Colleague: 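Okay, here's the structure, questions in a sec.
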Amino acid sequence: MLDVRTLRDNYEEMKGRLSTRGGDLSVLDRFPEIDEKRRQLIQETETLKARRNEVSQEIAQKKKNKENADAIIKEMREVGDKIKALDESLRSVEEELETLMLSVPNLPHESVPVGKDEDENVEIRQVGERPTFTFEPKPHWEIGTALGILDFERAAKVTGSRFVFYKGLGARLERALISFMMDLHADQHGYQEVLPPYLVNRTSMTGTGQLPKFEEDAFKIREEDYFLSPTAEVPVTNYHREEILDDSDLPIAYCAYSTNFRSEAGSAGRDTRGLIRQHQFNKVELVHFVKPEDSYETLEKLTNHAENVLKKLGLSYRVITLCTGDLGFTAAKTYDLEVWLPSYDTFREISSCSNCEDYQARRASIRFRRDPNSKKKPEFVHTLNGSGLAVGRTMAAILENYQQADGSVLIPEVLRPYMGGIEKIEAK
RNA sequence: GGAGAAGUACCCAAGUUGGCUGAAGGGGCUCCCCUGCUAAGGGAGUAGACGGUUUACCCCGUGCGAGGGUUCGAAUCCCUCCUUCUCCGCCA
């Protein structure tokens with residue numbers, strides 16, 4: 001959420017910057033009017049309340065002295081009615097303002113390239129060697145199915161499309177990847193390990209920005225107002241919701257493995273085969289809470305941590321900066337990591353690292369106190385999150401990049417300790 | 001799932017004939033005095049937060065788990081919800 005005061009004072013400028021995202025900004029047109037109306041109502045109602053408080057004392061006095069207070073009680077009855085009416089208008093205006101503010105995306109950082117859509121994202125760097133094949137490389141779902149480690153057909157029978165069974169060494173490899181990533185981040189990158197709930201409530205989904213605008217993208221539990229978490233960013237960022245942290249607590253860095261669920265509404269027909277776009281997938285997520293002045297430096301670190309996973313796995317990738325038009329709703333700046341997938345003959349997203357600045361912190365009310373003895377107001381932290389990495393897509397990348405002419409797949413060196421020393425997955 | 005109890009400020013904890021309690025008392029914390037230092041002792045201070053207004057201070061409003069209601073006025077009365085605890089049942 002943007003700061004209402006800042007928006008009021010820099011309305012035209014901020015509107016201009018927001019428009020580079022390309023979305024519909026017409027909701028903002030109503031802002032000055034609603035904002036003004038709200039403050040006016042507050043003043044009116046508070047003046048009356050101050051008077052009511054005063055007169056209440058008077059009434060108490062008179063009652064105590066056994067004097068007659070009927071006249072002022074009658075007057076106060078009218079004041080009470082007015083207050084009630086004004087409070088009601090105020091409530092509806094505040095609700096309107098809230099709804100409006102929740103539907104306005106974050107302001108892009110000034111370093112973000114202005115652009116219309118993903119075609120205008122800017123490549124920062126390419127890292128690693130792409131494999132060369134003496135044969136036609138196969139897509140990962142063919143490799144995995146042939147090896148008997150992925151079973152899409154039975155998943156479709158048991159559940160539906162966009163689900164998969166991992167089996168045998170495939171299941172083992174998925175588990176190895178999760179452990180490898182978590183160990184790397186926890187032991188070498190300084191993150192604290194977290195295993196969060198997979199169901200989250202509506203307030204949490206609103207705190208990180210999935211709601212209210214993108215409800216159709218999430219799976220909703222029927223009986224409760226719970227959602228299947230689409231990313232560990234939701235539970236882990238909301239872990240500190242409505243808290244005031246101590247200066248000494250920061251920075252905080254969590255790494256969380258979780259299974260994620262997405263409805264993929266609107267993605268019908270895209271990536272229908274393979275592991276790339278599943279309703280359920282595993283992901284290791286990195287989440288930071290930092291002081292505002294540190295967040296951009298942290299974004300670089302966070303991105304490097306995610307890159308490290310790819311480097312150690314020996315996968316070729318590139319880093320791109322999302323342009324304003326491709327930026328996510330809550331992000332001020334985002335780097336995507338895209339891994340090389342031979343069968344696609346292109347790079348595909350495998351991680352997205354974002355600085356949300358104080359946008360989520362304001363929605364979720366996550367603050368910190370710079371000086372415990374100062375009377376100054378607490379400030380909002382900056383939150384960042386990034387995948388480190390999407391495990392299913394990593395599995396796809398390994399199958400494709402490490403495939404051999406005979407249909408087998410080599411296990412990257414760093415994973416072998418997690419695979420009981422196995423070096424290769426072969427057909428039985 | 002059934003039965004019961006409770007949610008007051010950093011912590012503990014008073015407070016149901018509604019109005020000198022927006023909150024007693026204790027602990028903790030901060031400052032001062034005393035003491036060579038420490039301990040002990042004495043004194044003073046201590047809602048935080050949000051909103052309006054403001055350069056800032058002051059001021060005003062909200063606030064006793066959350067949200068409604070009754071009332072001139074609610075921590076105190078009524079309703080709904082949430083959370084925690086205890087017992088029973090069930091269960092990975």
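Throughout, protein chains are lettered first and strands after them, A, B, ... in sequence-line order, and every chain is numbered starting at 1. Quick caveat, the model's predicted, so the values are computed rather than measured.
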Colleague: Thinking salt bridges, do Glu285(A) and Lys283(A) make one under a 4.0 Å N-O criterion?
Modeller: yes

Colleague: Would you check if there is a donor-acceptor pair between the side chains of Asp24(A) and Ser26(A) at a distance under 3.5 Å?
Modeller: yes

Colleague: Check this for me: does any side-chain nitrogen of one of Asp35(A) and Arg39(A) sit under 4.0 Å from a carboxylate oxygen of the other?
Modeller: yes

Colleague: Within residues 198-209 of chain A, which residues have any heavy atom lying less than 4.0 Å from an atom of RNA chain B?
Modeller: none

Colleague: Answer with yes or no whether the side chains of Tyr317(A) and Glu307(A) bring together a donor and an acceptor at under 3.5 Å.
Modeller: yes

Colleague: With rounding to whole Å, what would you report as the distance between rA9(B) and rG15(B) at their C1' atoms?
Modeller: 14 Å

Colleague: Taking only Lys NZ, Arg NE, NH1 and NH2, and the carboxylate oxygens of Asp or Glu, determine whether Glu264(A) and Arg277(A) approach each other closer than 4.0 Å.
Modeller: yes

Colleague: For Arg5(A) and rC50(B), give me the distance from atom CZ to atom P, rounded to whole Å.
Modeller: 10 Å

Colleague: Starting at CD of Glu242(A) and ending at C1' of rC50(B), how long is that distance when rounded to a whole Å?
Modeller: 13 Å

Colleague: Measure CG/Asp9(A) against C1'/rU54(B) and give the value in whole Å, please.
Modeller: 14 Å

Colleague: Whole angstrom is fine here: how far is it from CG in Asn53(A) over to P in rC20(B)?
Modeller: 12 Å

Colleague: State which residue, out of His240(A), Arg363(A), Gln360(A), fulfils the side-chain hydrogen bond (donor to acceptor under 3.5 Å, both in side chains) condition with Thr383(A).
Modeller: Gln360(A)

Colleague: Would you call the rings of Tyr191(A) and His189(A) parallel, tilted or perpendicular, taking 30° and 60° as the class edges?
Modeller: perpendicular

Colleague: On RNA chain B, compare the nucleotides closest to Glu54(A) and Pro378(A); which residue's is nearer the 5' end?
Modeller: Pro378(A)

Colleague: Sticking with atom C1', work out how far rC10(B) lies from rC20(B), rounded to a whole angstrom.
Modeller: 29 Å

Colleague: Using atom C1' in both nucleotides, what's the gap between rU83(B) and rU71(B) to the nearest angstrom?
Modeller: 30 Å

Colleague: Kindly give the atom pairs (protein nitrogen or oxygen, nucleotide nitrogen or oxygen) under 3.5 Å for nucleotides 75-85 of chain B.
Modeller:
none

Colleague: Should Glu75(A) and Arg51(A) count as an ion pair when the cut-off is N to O under 4.0 Å?
Modeller: yes

Colleague: Where is the tightest heavy-atom contact between Leu2(A) and Asn106(A), given as atom of each residue plus distance?
Modeller: CD2-OD1, 3.9 Å

Colleague: Quick one: do Lys84(A) and Asp87(A) make a salt bridge, cutoff under 4.0 Å?
Modeller: no

Colleague: Does a salt bridge link Glu54(A) with Lys49(A), judged by any charged N lying under 4.0 Å from a carboxylate O?
Modeller: no

Colleague: Do the charged groups of Asp326(A) and Arg21(A) touch, with an N to O distance under 4.0 Å?
Modeller: no

Colleague: Quick one: is rC50(B) close enough that its OP1 or OP2 comes under 4.0 Å of any side-chain N or O from Arg367(A)?
Modeller: yes

Colleague: Using whole Å, what does the distance between atom C1' of nucleotide rG51(B) and atom CZ of Arg362(A) come to?
Modeller: 15 Å

Colleague: In dot-bracket notation, what is the pairing pattern of RNA chain B, taking Watson-Crick (N1-N3 plus N6-O4 or O6-N4) and G-U wobble (N1-O2 and O6-N3) contacts under 3.5 Å, with [ ] crossing and | for other strands?
Modeller: ((((((((.[[[..)...(.....]]]((((((.......))))))..((((......))))..[[[[[..)....]]]]])))))))....

Colleague: Closer than 4.0 angstrom, basic N to acidic O: yes or no for Arg370(A) and Glu379(A)?
Modeller: yes

Colleague: Could you tell me the separation between the NZ atom of Lys49(A) and the C1' atom of rC59(B), rounded to a whole number of Å?
Modeller: 17 Å

Colleague: Considering only nitrogen or oxygen atoms on both sides, find all protein atoms under 3.5 Å from nucleotides 65-72 of chain B and state each distance.
Modeller:
from    : atom 1 : to       : atom 2 : distance (Å)
rU70(B) : OP2    : Lys84(A) : NZ     : 3.0
rC72(B) : OP1    : Arg77(A) : NE     : 2.8
rC72(B) : OP1    : Arg77(A) : NH2    : 2.6
rC72(B) : O4'    : Ile73(A) : O      : 3.4

Colleague: With a 4.0 Å cut-off, would you call Arg162(A) and Asp271(A) a salt bridge?
Modeller: no

Colleague: Between the side chains of Arg17(A) and Glu13(A), is the shortest nitrogen-to-carboxylate-oxygen separation below 4.0 Å, so that they form an ion pair?
Modeller: yes

Colleague: Between rC79(B) and rA5(B), how far apart are the P atoms? Round to whole Å, please.
Modeller: 14 Å

Colleague: Please report the distance separating the P of rA3(B) from the corresponding atom of rU80(B), rounded so that it comes out in whole Å.
Modeller: 14 Å

Colleague: With C1' as the reference atom in both, quote the distance from rG22(B) to rG73(B) in angstrom, rounded to an integer.
Modeller: 15 Å

Colleague: Give the residues of residues 31-47 of chain A touching RNA chain B, defined as any heavy atom closer than 4.0 Å, sorted by residue number.
Modeller: Arg38(A), Arg39(A), Ile42(A), Gln43(A), Glu46(A)

Colleague: May I have all residue pairs that pass side-chain hydrogen bond (donor to acceptor under 3.5 Å, both in side chains) and include part of residues 165-181 of chain A, sequence neighbours excluded?
Modeller: Tyr166(A)-Glu174(A), Glu174(A)-Asn282(A)

Colleague: Taking the P atom in each of rU76(B) and rC64(B), what is the distance between them to the nearest angstrom?
Modeller: 8 Å

Colleague: Salt-bridged, Arg8(A) to Asp3(A), with N to O below 4.0 Å?
Modeller: no

Colleague: What's the CG-P distance between Leu86(A) and rG61(B), to the nearest Å?
Modeller: 16 Å

Colleague: Whole-Å distance between rC50(B) P and Met1(A) CE?
Modeller: 13 Å

